[in-house]
**Student:** 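Once you've had a glance at the structure underneath, I'll fire off some questions.
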2 protein chains.
Amino acid sequence: MTDGVAERSRPRDRILETAQDMFHKHGIKGVGVDAITEAAGTNKMTLYRHFESKDDLVIECLRATAAKASRIWDEFEARHPGDKLAQLHAWVQKASELLSADSRGCDMANAAVELTETDHPARRVIKELKEAQREKLVALCRDAGIGQAELLADTLSLLLEGARVSMQSVGAEGPSAQFVRMAESLIASFRAR
Amino acid sequence: MTDGVAERSRPRDRILETAQDMFHKHGIKGVGVDAITEAAGTNKMTLYRHFESKDDLVIECLRATAAKASRIWDEFEARHPGDKLAQLHAWVQKASELLSADSRGCDMANAAVELTETDHPARRVIKELKEAQREKLVALCRDAGIGQAELLADTLSLLLEGARVSMQSVGAEGPSAQFVRMAESLIASFRAR
DNA sequence: CTAGGGTGTTACCGGTCTGTAACTTTCAGA
DNA sequence: TCTGAAAGTTACAGACCGGTAACACCCTAG
């Protein structure tokens, strides 16, 4: 009920959406499949008809999350067509907005923290998706005309990742509050080189 | 057996040390009290005679971890007495060494990710300890003669936190590989202001 | 109207989890 | 040597977990 997302769509979609939301809020090990199916307005058997296992469901959720993030990047291109530097600033702005709106951080990073078994099937998916996101940010920095594009992209990545996890430890008033300021002055200093 | 740390000391100490190690490696929800006591060469009843609950044990482990970190800071002062700038560089160096030696990141941050209940007793302890660490780093930056000490300290914090979580998602060859370079050029640019 | 696939329901399996009760063993200090 | 506290042992309670079996239902495509 608390997490109910029971609009009338097909069970598989409802399960996927509900699971994403609940994994995000309560963690992967903090949510059982029974709770997911109940919140999705269906039942366990239907879940297991559409997903091989809970691990499989987790992986599909991560892919869905990454797809959502990808759509945000499309927005940048749509809003500032061809202007890569403006898109980079939009990335900073959007990251900051998401930080303010939600304090549970990045699903992929959180999953990596929770799923400690080195051979867990989700781990290679996490790595894949994170590497793809890194490539995107590096490309954006390079196309924005920045010399040391990889270094800037990696620094921005660490800052954002750090801000998201810091929020979960000390809250929004901690170091993460200065994210935009840090990111912008970083971009400025890279552009000046 | 795998995690056995069964030197002959008092059971409480063995439990605490073993639990720290196992929580760190496998996560909090990934380890049961039975496994801890077995690895510590004792039994469940003894654990519950020394700790009120698993949550209580978790809190004691976090405090022990913070105490260990505190001892590292004492090393900085011992090795570079009075020279705060040298201590700041030592901090960067040490952080990098710990990143290379261990890929499971910060126990407190990991615990914050795992323990999602907002009223979990460990959460206020995590916040306390993290805030104390922040104070220390701010003071170090200030005493090293840096103008915007808070901003530098917070930026370094986010970079390190990000590096630790990034290692868990994409491994040591990802963005975290550039941590020292990022931190040092950051310090240099703050000193130049 | 009918066949059949998608869905819902109920019950269950074997395992794991935190936490406790009751009892026995060990061992150091008086 | 005796005593008393700390530690070990065994068994268990009660809950929850992921996953499956068997069966009833509904609803749409032909």
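In what follows, every heavy atom counts, from backbone to side chain, and hydrogens, waters and symmetry copies are set aside. Order of the sequence lines sets the chain letters (A, B, ...), proteins ahead of strands, with each chain counted from 1. As the structure is a computational prediction, the values presented were derived from the model and not from experiment.
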**Student:** With sequence neighbours left out, what residues match B/Thr65 under side-chain contact (heavy atoms from CB on, under 4.5 Å)?
**Tutor:**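 side-chain contact (heavy atoms from CB on, under 4.5 Å) check on B/Thr65 returns B/Gln20, B/Asp107.
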**Student:** Should B/His50 be listed as having a side-chain N or O under 4.0 Å from OP1 or OP2 of D/dA6?
**Tutor:**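 Looking at the OP1 and OP2 atoms of D/dA6, neither is under 4.0 Å from any side-chain N or O of B/His50.
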**Student:** Check whether any side-chain N or O of B/Glu114 sits under 3.5 Å from a backbone N or O of B/Ile28 as a donor-acceptor pair, and report yes or no.
**Tutor:** yes
**Student:** Strictly below 4.0 Å, N to O, side chains only: are A/Arg164 and A/Glu161 in salt-bridge contact?
**Tutor:** yes
**Student:** Using a cut-off of under 3.5 Å, enumerate the N/O to N/O pairs linking the protein to nucleotides 3-5 of chain C.
**Tutor:**
none

**Student:** Determine whether a donor-acceptor pair (N or O, by modelled atom type, separation under 3.5 Å) exists between the side chain of B/Asn110 and the backbone of B/Arg104.
**Tutor:** yes
**Student:** Could you give the distance from NE2 (B/His120) to CG (B/Asp55), rounded to the nearest 0.5 Å?
**Tutor:**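 It is 3.5 Å, given to the nearest 0.5 Å.
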**Student:** Restricting to side-chain contact (heavy atoms from CB on, under 4.5 Å), what partner residues turn up for B/Glu52, sequence neighbours left out?
**Tutor:** B/Asp56
**Student:** Each nucleotide in nucleotides 21-30 of chain D should get exactly one letter: B, S or -. Can you fill that in based on protein heavy atoms under 4.0 Å?
**Tutor:** BB--------
**Student:** Show the distances under 3.5 angstrom between N or O atoms of the protein and N or O atoms of nucleotides 12-19 of chain D.
**Tutor:**
residue	atom	partner	partner atom	Å
D/dG18	OP1	A/Lys54	NZ	2.7
D/dG18	OP2	A/Val33	N	2.8
D/dG19	OP2	A/Tyr48	OH	2.6
D/dG19	OP2	A/Lys54	N	2.8
D/dG19	O5'	A/Tyr48	OH	3.4
D/dG19	N7	A/Lys44	NZ	2.9
D/dG19	O6	A/Lys44	NZ	2.3

**Student:** Output the single nucleotide from C/dG8, D/dA7, D/dT9 whose closest atom is nearest the side chain of B/Thr46.
**Tutor:**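 Side chain of B/Thr46 sits closest to D/dA7.
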**Student:** Apply side-chain contact (heavy atoms from CB on, under 4.5 Å) to A/Ala153 and list each qualifying residue two or more places apart in sequence or on a separate chain.
**Tutor:**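 Listed in chain order: A/Leu137, A/Val138, A/Cys141.
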**Student:** Looking at every non-hydrogen atom in both residues, tell me the closest pair between B/Val170 and A/Lys130 and how far apart they are.
**Tutor:**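 Minimum heavy-atom contact is CG1-CB, 3.2 Å.
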**Student:** Is the cationic atom of B/Arg181 (NZ for Lys, CZ for Arg) positioned less than 6.0 Å from the six-membered ring centroid of B/Phe179 and within 45 degrees of its normal?
**Tutor:** no
**Student:** Does B/Arg79 qualify as a cation-pi partner of B/Phe76, given the criterion of NZ or CZ under 6.0 Å from the six-membered ring centre and within 45 degrees of its axis?
**Tutor:** no
